[in-house]
Amino acid sequence: MTLEWVHPGLLLILGGCLLPLLKGRVKRAAMLILPAAALIDCLLMKPGTHGVTSFLGQDLVFGRVDRLSLVFSYVFSLMALVGMIFALHVKDDSQHVAALTYMGSALGVTFAGDFLSLYVFWELMAISSALLVLLRREPSAVAAGFRYLLVHIFGGLLLLAGIVLHWSHTRSLGFGDMGASSGGVAWAMILAAFLLNAAVPPLGAWLPDAYPEATVTGAVFMTAFTTKSAVYVLIRGYAGTEFLVWLGAAMAVYGVVYAVLENDARRLLAYHIISQVGYMVCGVGIGTALATNGATAHAFAHILYKALLFMGAGAVLQTTGLRKLSEMGGLYKTMPVTLCLYMIGAFAISAVPLFSGFVTKSMVVSAAGEAHRPLIFLMLTLASAGTFLHTGLKLPYYMFFGKDSGRRAQEPPRNMLVAMGLAAAACVLIGVFPGLLYQYLPNRVEFVPYTLRHVTSTMGMLGFTALGFFLLLKHLDPQPTISLDTDWFYRRGSAGLVTLVRGPLARLEFDYVGQIYEFVIRRPVLGVANLLRKLDSLVVDAAIVGMGRSTQSLGHALRTVVSGNAQHYGLMMAAGILALLALAVFVQ
Amino acid sequence: MVTPSVIPLLAVLVSSLGAILIACTGERRANLREFWSEGAGVAMFALVASMIPEVLAGRTPEYVLFRILPGIELAFRVDAFGLLFASGASLLWILTSFYSIGYMRSLKEHAQTRYFSCFALALSATIGVAFAANLFTLFLFYEALTLVTYPLVGHKETVEAKAGARKYVIYLLGAAKVFLLAAIILTYNVTGTLEFRNGGILSDAQLTRQPTLLLIVFALFLFGFAKNALMPLHSWLPAAMVAPTPVSALLHAVAVVKTGVFSTLRVFLFVFGRHAMRELGADQLALVAASVTILVGSLLALGQDNLKARLAFSTVSQLSYIILGAALLNSSGVLGGIAHITYHAVSKITLFFCAGSIYVSTHKTEISQMSGLAKRLPWTMAAFSLSSLSVVGIPLTSGFVSKWYVAVGAVDHQSLVLLGVLLVSSLISAAYLGQILYKAYFEIEEESPAHAEVREIPWIVAPLAISAAASLLLGLYPGLVLGLAGRIMP
Amino acid sequence: MNFLARHLEDPVRFARIKRWSYTGLAAVALAEIVLPRIFPGGEFHFPFEDFPAWGSLYGLVSCVAIIVVSKLIGKLWLTRREDYYDS
C-alpha cells in the first residue's frame with residue numbers, strides 16, 4: 001500500500017488494538033481522535049483505485065473509491081464518532097476494541113474492490129459484532145451472541161461458496177455488478193449471503209434475536225454497520241434485480257407487523273430496522289437512478305436516526321434497567337431531554353417534514369411511483385404509517401408516558417446526551433437542507449422533496465395514523481410475550497441435532513462402530529485362543545498325563561516282579577537269556 | 001535428479017541415538033536426559049532443513065541400505081513431499097519436547113525415561129516414513145511407529161489406559177497386517193516393484209487387464225493405513241485419549257495421524273497416480289469415504305463433553321479434508337490437501353497444548369466445567385481462540401488458505417456436494433469450538449476456593465503461544481508452505 | 001419537565017390539548033383536500049393519489065389494518081410465553 005492513501009478502516013482496527021495500552025484521559029481522547037481521524041480521512045479522499053496487493057496469486061483491491069463508496073464511508077465514520085462519544089463512559093476495554101474493529105471492518109467492506117478482501121472484512125465484522133453481544137455477559141446475551149455468531153458464520157460460508165464458484169467460472173475475483181451471471185448458483189449464493197446480512201426475511205431473524213441482547217452501547221453500533229454495509233454491497237452488485245423489489249416491500253410490511261406484537265423496546269426497534277432496510281432493498285431492486293439515490297440516501301439518514309432511537313432506548317435501559325414496555329411508563333417527568341431527543345429520531349424515521357426521513361424515504365417511494373408500481377407504492381406507504389405508529393407513537397407512549405410505573409430515573413450521563421444531540425442535529429440538518437446530502441449521492445439528483453402535495457399528504461397520513469393509534473389504544477397494551485420468527489427453525493433444529501448426536505449417533509459410534517475391533521478381532525482371537533487352550537488341556541495335556549499314568553501303572557505292574565525271591569530271579573534270568581537266543585537265531 | 005546422500009539416514013537415526021542416550025541417562029540426571037531429547041530434536045531438524053535448498057533446486061537425495069529381493073529394498077529418498085512432512089514433524093517435536101518437560105514435571109508423572117525415549121523413537125519412525133523410497137520401507141517404519149507409541153498411549157498404566165492402548169494397537173496393527181500387507185504383496189505381484197514414482201507405477205496395460213483387482217488393492221491401501229482415521233476404522237483415535245496430553249499432541253499433530261494421511265497420499269500420487277485413480281474410479285471411493293468421515297466426525301465432536309474427546313473427533317474430521325483434497329486429483333485440491341497437513345498440524349497441536357495446560361492448572365477435563373476459564377488462563381485461551389479460528393477456516397489464518405484451495409478444487413471438480421460437505425463441516429466446527437470459547441470467556445465461573453491458586457505454567461504456555469502465532473503467520477504468509485507443496489504435483 | 005407534567009396531569013389543560021389536536025387534524029385533512037386544487041402542478045403517479053384527503057384516509061386505514069392483522073396473526077399463530085425457548 002502506498003502512503004498517499006490511508007485506509008480509514010485499518011486506522012480504526014489498528015488504533016483499537018492499541019487502545020487497551022492507554023490509560024485515563026489519553027485513552028478517552030484516543031477514543032474520540034480515532035473515528036475523527038477516520039472521518040477526516042474519508043472526507044479528504046479522492047476517487048480512484050488504491051491499496052492493491054497480491055495474495056494467493058490474486059490482486060486484492062483494498063481501496064475502491066468512488067461516489068458510492070465515499071458517501072457510505074462518510075456516514076460510517078460519522079457514526080463511528082457519534083458511537084464512540086456515546087460509549088465514552090464504558091470501562092470495559094474489550095467492548096471498545098470490538099466496536100472499533102467492527103466499524104473498521106465495515107469501512108473495509110465499503111472500500112473492497114474484490115471479493116477476497118470483501119470476505120476478510122465480512123468475517124471480521126461478524127466476529128467483532130458477535131463480541132458486542134457476548135460482552136454483556138448475561139446468560140441470555142451469551143446464548144443470543146453464540147446464535148448470532150453461528151448464523152453469521154453460516155452467511156460467511158454462503159459467501160465463500162459463492163465466491164469460489166464465481167471465481168471458478170469467471171477466473172476473476174473482481175467485485176462489481178453481478179448482472180452478467182444472473183440466475184446462476186454463484187450469483188444466488190452471494191446474493192443470499194448479502195441478504196442475510198441485510199436481515200431480509202426469512203434469513204433475518206438474527207437481528208431481532210441479538211440486538212436487544214447486546215450491550216447498551218454495542219447495540220447502537222450494531223444498528224448502523226452490518227445491515228447498511230449489506231445494503232451497500234447490494235447496490236454495488238445487484239442493482240436492478242427484480243425480485244428484490246418485492247422482497248423489499250414485503251420486508252417493509254413484515255417489520256411493522258411484527259413490531260405490533262413486541263414487548264421489548266429494543267426488539268421493537270430492531271424489527272423497524274428490518275422495515276426500513278426493506279425500503280432500501282426495494283430501491284436497489286427498482287434500480288433506476290432515483291431509486292439507487294433513494295436507497296443510498298435512506299441508508300445515510302437511517303444510520304443516524306436509528307442510532308438516535310437506540311441511544312434513547314439504551315439510555316432508558318441504562319438508567320432504569322428496564323427493557324420491557326409493559327414495565328415502563330411515566331418517565332417523561334424525569335427524563336425530558338432524552339424524551340425530546342428521542343422524539344426527534346422518531347419524527348425522522350416517520351418522515352415528518354423538516355426531518356431527514358422525509359427527504360430520503362420519499363425518494364424510494366417516488367421511484368416506485370415513477371416505475372409505475374402501484375402495489376409496491378401502497379405497501380411502502382402502509383409501512384410508513386406503521387413506522388410512525390410504532391416508533392413515533394407506541395414506543396414513546398409506553399416508555400415515557402402511559403401508565404406511570406412509579407420509576408424515577410435521572411437523565412443518562414452527559415456523553416450519551418451529547419452523542420444523541422449530535423445525531424439529532426444531523427437529522428434536522430438534513431431535513432431542512434436536503435441538498436447537503438443530495439450533493440454526495442451517486443447519481444445526479446433532480447428530485448424535489450418539498451412539494452405542496454407531498455407535504456400535505458404526509459401530514460395527513462401521520463395525523464390520521466395518530467388518530468387510529470389513540471382510538472385503538474386499549475388493544476395495543478404490551479403483553480409479556482414473545483413472537484416466533486424464522487429463528488424457530490434453527491433454534492429447535494439445533495436442539496434436536498444435539499439430542500440426535502448425543503443419543504443415537506453416539507451410541508452408534510461407541511457401542512457399535514467403535515467396537516469393531518472387539519467383534520472382528522478381539523473376540524475371535526480370544527475365542528481361538530480359548531479353543532487352543534482347551535485343545536491343549538484336553539489332548540496334549542491328556543496325552544502327557546496319560547503317558548505318565550501308564551508309566552506309573554506299568555511300574556506298579558513291574559513291582560510284582562521284584563518279589564525278593566532268589567528262585568524267581570534265577571527263573572527270570574534263564575527265561576530272558578532263552579528269549580534272546582531265540583531272537584538271535586530267528587533274526588539270522 | 002537423484003544424488004546419493006547419507007543425510008536421510010542420519011536424520012532417521014539421530015533420534016534413535018537420542019533414545020538410547022535417554023534410556024542410559026535415566027531418572028537420576030533428568031536435566032541431562034531432557035537435554036538429549038531437545039538436542040536430538042534440534043539435530044534432526046537441522047539435518048532435515050539442510051536438504052531443503054537441495055530439493056528446491058531439483059535434486060533428490062537418496063540412500064539405499066540393503067536389498068532383500070529384486071524390487072524390494074530398504075531405502076530412503078527425499079522429495080518435496082517427504083521433506084515438507086519431515087520438516088513439520090521435526091519442528092513440532094522440538095516444541096512438544098519443551099511442552100512435555102513442563103507437563104510431566106508439573107504433574108510429577110512416573111516413568112519419564114520410558115516416555116522420553118519412546119517419544120524419540122517415534123520421531124525416528126516418523127522420519128523413516130517421510131523419507132521412505134518405497135512401500136516396503138514405508139511399511140516397516142509405519143509398523144514400528146505403532147509399536148513404539150504403544151507404551152506412550154498406555155503410559156498411565158491404569159485400567160482405562162491399558163484398555164485404550166490395547167484398542168489402539170489392535171486397530172492399527174490389525175488393519176496394517178490384514179489389509180496393508182495384502183495390498184503391498186498384491187502391488188508387487190502386479191507391477192513387480194514397490195518403488196514410489198510421481199504419477200504412479202501402474203502401466204496402462206495393467207490397468208486395463210485387472211481393474212477390479214487394482215480397485216480392491218486401492219481399497220486395501222485406503223483402509224489399511226488406519227492411521228488416517230477414515231471411518232469406520234477411526235475408533236482408535238478417541239480411545240487413545242487416555243494418553244497424557246503431549247502424547248495426544250504427538251499423535252494428532254506431529255506423527256501418527258499425519259503418517260497415516262501422508263502414506264495415503266503417497267499411495268494416491270506415487271503408487272497409483274491421478275490417471276490410474278480416475279480410470280479405476282478409486283477417487284470416487286476415496287471421496288465418499290472422506291466426505292462421510294468429515295461430516296460424521298464433526299457431528300460426533302459436537303456431542304462430546306470431554307475436551308480431548310471433542311478434539312479427537314475434530315481431528316478425525318479434519319484429516320479427511322486432506323484425503324478429500326487429494327482425491328479431487330486437480331492441482332488446487334491436491335495443493336490444499338497437502339498444505340492442510342501442515343496447517344492442521346500446527347493448529348491442532350496448539351489446541352491439545354491448551355487442553356493440557358487447562359488440565360495441569362485446573363485439573364478440569366470436561367467442557368461443562370470450563371466456564372469463565374479465560375480470566376485464569378488468558379494466554380492459554382487466547383492461543384485456543386486463534387487456533388480455533390484456523391480450524392474453522394476464518395480468513396487471515398492458515399486454515400483458510402487450505403480450505404480455499406480445497407474448495408476451489410471441489411468446484412473445479414464440478415461437485416457442489418463436496419463443496420457443501422466442506423462448508424457444513426466448517427459450520428459445525430465453529431459450533432463445537434465456539435462453545436468452548438464462549439464458555440471460557442463470557443460465562444461466569446463457579447466459585448471455588450481452589451481458584452485462587454490457578455496459574456499458567458511458563459514451560460507449557462510458551463510452546464502453545466508459539467504454535468498459535470505460527471497458525472496466524474502461516475495464514476498471512478502462505479508462500480512458506482505452498483512453495484514447497486507446489487512442487488509435489490508434476 | 002414541569003411544562004409537560006402540568007399539561008398532562010391537569011384535566012382541564014389536557015381537555016384543551018385534545019380539542020386543539022382534533023382541530024389540527026381537521027385542518028390538515030382540509031388542507032389536503034383543498035390546497036392541491038388551489039395550487040395544481042404537483043406530480044402524482046397514480047390515479048388514487050388524486051382522491052380527496054388520500055393521505056389522511058390511507059393513514060387511518062393503514063394504521064387500523066396493521067393493528068388488526070398483526071394482532072390476529074399473533075393470536076392465531078406467533079405469540080408464545082416468554083420462556084418458550086428455555087428448555
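Chain naming here is simple, since letters A, B, ... match the order of the sequence lines and numbering starts at 1 in each.
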Which atoms of [X] are under 4.5 Å from chain A, going by heavy atoms: the side chain, the backbone, both sets, or neither?
X       : value
L389(B) : side chain
K403(B) : side chain
I170(B) : both
L396(B) : side chain

Between R137(A) and E443(B), does any side-chain N to carboxylate O distance fall below 4.0 Å?
no

Side-chain ion pair, R507(A) and D511(A), N-O less than 4.0 Å
no

Give the minimum heavy-atom separation between [X] and [Y], together with the two atoms involved.
X       : Y       : value
G174(A) : H166(A) : O-NE2, 4.3 Å
I153(A) : A430(B) : CD1-CB, 3.7 Å
A289(B) : F223(B) : CB-CZ, 4.4 Å
Y211(A) : A219(A) : O-CB, 3.8 Å

Chain B heavy atoms under 4.5 Å from [X]: which part of the residue, side chain, backbone, both or neither?
X       : value
V525(A) : neither
L508(A) : neither
L158(A) : neither

Looking at [options], which has the largest count of heavy-atom pairs under 4.5 Å with chain A?
options                            : result
P232(B), P238(B), G174(B)          : P232(B)
G420(B), S235(B), P395(B), G434(B) : P395(B)
A407(B), A431(B), S426(B)          : A431(B)

So, [X] versus [Y], ring centres under 6.0 angstrom or not?
X       : Y       : value
F146(A) : Y438(B) : yes
Y102(A) : F225(A) : yes
Y441(B) : F384(B) : no

Report the relative orientation of the aromatic rings in W404(B) and W167(A); use parallel for angles under 30°, tilted for 30 to 60°, perpendicular for over 60°.
tilted

Assign the ring pair H7(A) / F121(A) to parallel, tilted or perpendicular, where the plane angle (0 to 90°) is split at 30° and 60°.
tilted

Applying a heavy-atom distance below 4.5 Å, give me the residues of residues 472-479 of chain B that approach chain A, sorted by number.
G475(B), L476(B), P478(B)

Those residues of residues 303-318 of chain B that come under 4.5 Å of chain A on a heavy-atom basis, listed by number, are G303(B), Q304(B), F313(B)

Does one side chain, of N330(B) or S332(B), offer a donor that lies under 3.5 Å from an acceptor on the other?
no

Among [options], which residue forms the greatest number of heavy-atom pairs with chain B at distances under 4.5 Å?
options                            : value
L149(A), V498(A), L135(A)          : L135(A)
H169(A), R136(A), E509(A)          : E509(A)
L134(A), V142(A), L150(A), T499(A) : L134(A)

Can you tell me if NZ on K375(B) sees more than 12 non-hydrogen neighbours from other groups inside 6.0 Å?
no

Should we count CZ of F154(A) as having more than 12 external heavy atoms under 6.0 Å?
no

Would the distance check show the side chain of W122(A) and the main-chain N or O of F115(A) forming a donor-acceptor pair, the cut-off being under 3.5 Å?
no

Hey, could you give me the CZ/CG distance between F489(A) and D487(A), rounded to the nearest 0.5 Å?
10.0 Å

